[in-house]
Amino acid sequence: MLRRVMLAPFSVWICSCALAFVSSADSLGHFRLATFSCNVTPPVDGHPLIWLAPVKVVETPLLAKGVILEEGSDRYVVCSLDWCGLSNSSHELFVKKIAEAAGTSPERVAVHTIHQHTAPYTDGDAQRLLSEIGFPQLYVDFAFLERVTDQLAESVREACGRFQPFNQVGLTAVKVHQVAATRRAKTPDGKLVVRYSSCKDPAIRELPEGRIDPLLRSVTLAHDGRVLVRIHYYATHPQSFYGDPRASSDVPGFARERLQQEEGVFQIYFTGCAGDVTMGKYNDGSREARDVLTERLYQAMRQAAESTRLEPVRRLAWRTVQVCFPARSDPGHTEADKATLMRNQQADPVQRVRAACAVAFHRRHEKPFTLSCLQVNEGSIVHLPGECMVEFQLFAQSVLPDKFVATAAYGDLGTGYICTELSYAEGGYEPTASHLSPEAEGVLKEAIRRLLLP
């Protein structure tokens, strides 16, 4: 169904398609699932980590982990990667190959990155633009992308040969203590300061936590009391360190794999709307701080596992909404402005790459992004593109205030940051890294509402 939704002062096409599959008590047990995992670590000195840093040391493998859900002839896939980002045609490549391997359509596949900054941030469209102007450094290794997506597809295909029935679900939320805090911290006199993921200034670390979502939400799927998979959702920038050539799954990966080893249950982790949320209040960049943060997140995940209460699966549904986001047109952020920076041979190479990513979005902004929502019983899991501010996660919960609502952001990162309209006037880091105009807030909120209230 195609609807034209008017959002002053502009309009946007929103294509919505809702699919709902409901089982009666007599048909419980007709749901099946299969999990998959694939090593997606770039080789040393090959495809770079975020922007242009080559891999020199693999501290931990970078994994793609996911689950295929099946009800009758319908299959849905959710996949989380230990990568910093996937944008435009590169995100599409992962989705397409997973869909083909799972025997489903791309609209029924949600691929998200966890956003560690010790991992690749990949936009093949930007690399093509850079190649056209003779950019001398490697940003995207297309041969590696083909190999790694083929390997991931094979992992999905193999998983389809070992489906297991599931008939129970547990939806749990627990508070995470002293991990996340706003990046948009304010001093006592009201001045906005940026509290990055690693903050060495004690005065800035002492500023209040600010506006966050303190809850980790977990979805557990089981069969007759035997837990098959747990899927966790939490909103904070996941990196405790960055800027060196270590490939690492960092805090969420450490906590996730520790719980999997100890519990013997497959664990998946998604980062929520963490565009303006970091661990900087509790992280001075030291190894000791990283260990403490890992322990705190792990304890929350373990508490969620221990407090899970299972109930029969009665309903499985998948909805999608397609959205075109408005591109920026203010000075310094137009396609022409970014193209000029991209071509400037005197400019910093990383800034040229980032400019190419902006140009790539401008050239595809009329191509819609697919947003989706997986519903299990009364619980909803919303899959969003971009680096969304926490406002959008809190908004999703406000749409269904008495229900379980989890959010995974960092889908297709072609948008860059998705910010609130107010933040453009307030300043700070996030609006400087967005490819969207301030009106994007209304567009995304309308899409979230349509996903949750069909």
Side-chain angles (χ1 to χ4, degrees), residues 5 14 16-25 28 31 69 71 76 78 110 112 166-177 179-180 182 209-222 227 229-236 268-274 276-277 300-301 303-321 371-384 388-409 418 420 441-454:
V5 180
I14 294 184
S16 60
C17 178
L19 299 172
F21 304 91
V22 183
S23 292
S24 68
L28 292 179
F31 302 104
L69 303 175
E71 194 273 339
Y76 316 112
V78 292
H112 295 253
F166 72 97
N167 55 13
Q168 294 171 306
V169 62
L171 306 173
T172 311
V174 301
K175 186 173 182 178
V176 183
H177 296 279
V179 172
T182 183
E209 268 191 354
R211 194 163 189 255
I212 63 171
D213 182 350
L215 298 180
L216 175 134
R217 293 171 176 81
S218 296
V219 177
T220 298
L221 299 175
V227 175
V229 61
R230 297 194 197 276
I231 313 172
H232 307 279
Y233 303 83
Y234 181 59
T236 185
I268 307 173
Y269 179 96
F270 287 90
T271 298
C273 296
D276 53 342
V277 180
M301 294 168 68
Q303 182 185 351
E306 292 174 347
S307 61
T308 295
R309 299 293 179 266
L310 298 173
E311 64 179 47
V313 177
R314 300 180 299 274
R315 182 172 186 267
L316 192 66
W318 185 275
R319 296 190 181 92
T320 62
V321 174
L371 287 60
S372 62
C373 178
L374 170 65
Q375 288 195 311
V376 185
N377 289 358
E378 298 303 310
S380 300
I381 301 101
V382 179
H383 306 119
L384 301 180
C388 304
M389 283 185 162
V390 74
E391 165 67 21
F392 298 101
Q393 179 162 320
L394 299 175
F395 173 78
Q397 291 155 22
S398 74
V399 174
L400 295 174
D402 300 321
K403 306 292 185 182
F404 176 97
V405 180
T407 307
I418 306 182
T420 61
E441 176 182 357
V443 174
L444 182 53
K445 286 184 174 179
E446 175 63 16
I448 292 170
R449 187 181 291 108
R450 286 182 175 273
L451 285 172
L452 294 172
L453 298 174

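Keep in mind the model is a prediction, meaning the values are calculated, not measured.
A search for side-chain hydrogen bond (donor to acceptor under 3.5 Å, both in side chains) contacts involving T271 returns nothing, not counting sequence neighbours. Under the ring-ring contact (aromatic ring centres under 6.0 Å, His included) criterion, F270 pairs with H112, Y233, sequence neighbours left out. H383 meets the side-chain hydrogen bond (donor to acceptor under 3.5 Å, both in side chains) test with S372; sequence neighbours excluded. Listed by chain and number, the residues in a side chain to side chain contact (heavy atoms under 4.5 Å, CB included) with Q303 are V174 (sequence neighbours excluded).
Between the side chain of N377 and the backbone N or O of P312, at least one donor-acceptor pair lies under 3.5 Å.
Between atom CZ of residue R450 and atom CD1 of residue I448 there is a gap of 13.0 Å, rounded to the nearest 0.5 Å. K175 contributes atom NZ, which lies 13.5 Å from atom CG of L216 (distance to the nearest 0.5 angstrom). F166 CZ to E71 CD: the interatomic distance, rounded to the nearest 0.5 Å, is 9.0 Å. Taking OH of Y234 as the reference point, atom OG1 of T407 lies at 14.0 Å (rounded to 0.5 Å). Here the straight-line distance linking atom OG of S218 with atom OH of Y269 works out to 10.0 Å at 0.5 Å rounding. The CZ atom of R230 lies 12.5 Å from the CD1 atom of I268; values are rounded to the nearest 0.5 Å.
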**OP:** Assess whether side-chain contact (heavy atoms from CB on, under 4.5 Å) is satisfied between C373 and L452, documenting all intermediate values.
**Re:** CA-CA 7 Å; C373 178; L452 294 172; 4.1 Å; yes

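Within the structure, every pair that satisfies the salt bridge (charged side-chain N to carboxylate O under 4.0 Å, His left out) test and touches residues 373-382, not counting sequence neighbours, is listed here: E378-K403.
Shortest non-hydrogen contact noted between Q168 and L310 is OE1-CD1, 3.8 Å. Closest of all the heavy-atom pairs between A180 and I212 is O-CD1, 3.6 Å. Among all heavy-atom pairs drawn from G272 and A409, the shortest one is O-CB, 3.4 Å. Shown here for G210 and T182, the closest heavy-atom pair between the two residues is CA-CG2, 3.7 Å. Shown here for A447 and L371, the closest heavy-atom pair between the two residues is CB-CD2, 3.8 Å.
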May I have the list of side-chain donor-acceptor pairs in residues 390-401 shorter than 3.5 Å, sequence neighbours left out?
from	atom 1	to	atom 2	distance (Å)
E391	OE1	R211	NH1	2.7
E391	OE1	R211	NH2	3.0
E391	OE2	K445	NZ	2.8
Q393	OE1	C273	N	2.9
Q393	NE2	D213	OD2	2.8
Q397	OE1	R217	NH2	3.3
Q397	NE2	D213	OD2	2.8
S398	OG	F395	O	2.6

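Side-chain polar atoms of T172 and T308 form a donor-acceptor pair below 3.5 angstrom.
Counting heavy atoms from C-beta on, the side chains of T220 and V169 never come closer than 4.5 Å. A heavy-atom distance below 4.5 Å is found between the side chains of L374 and L69.
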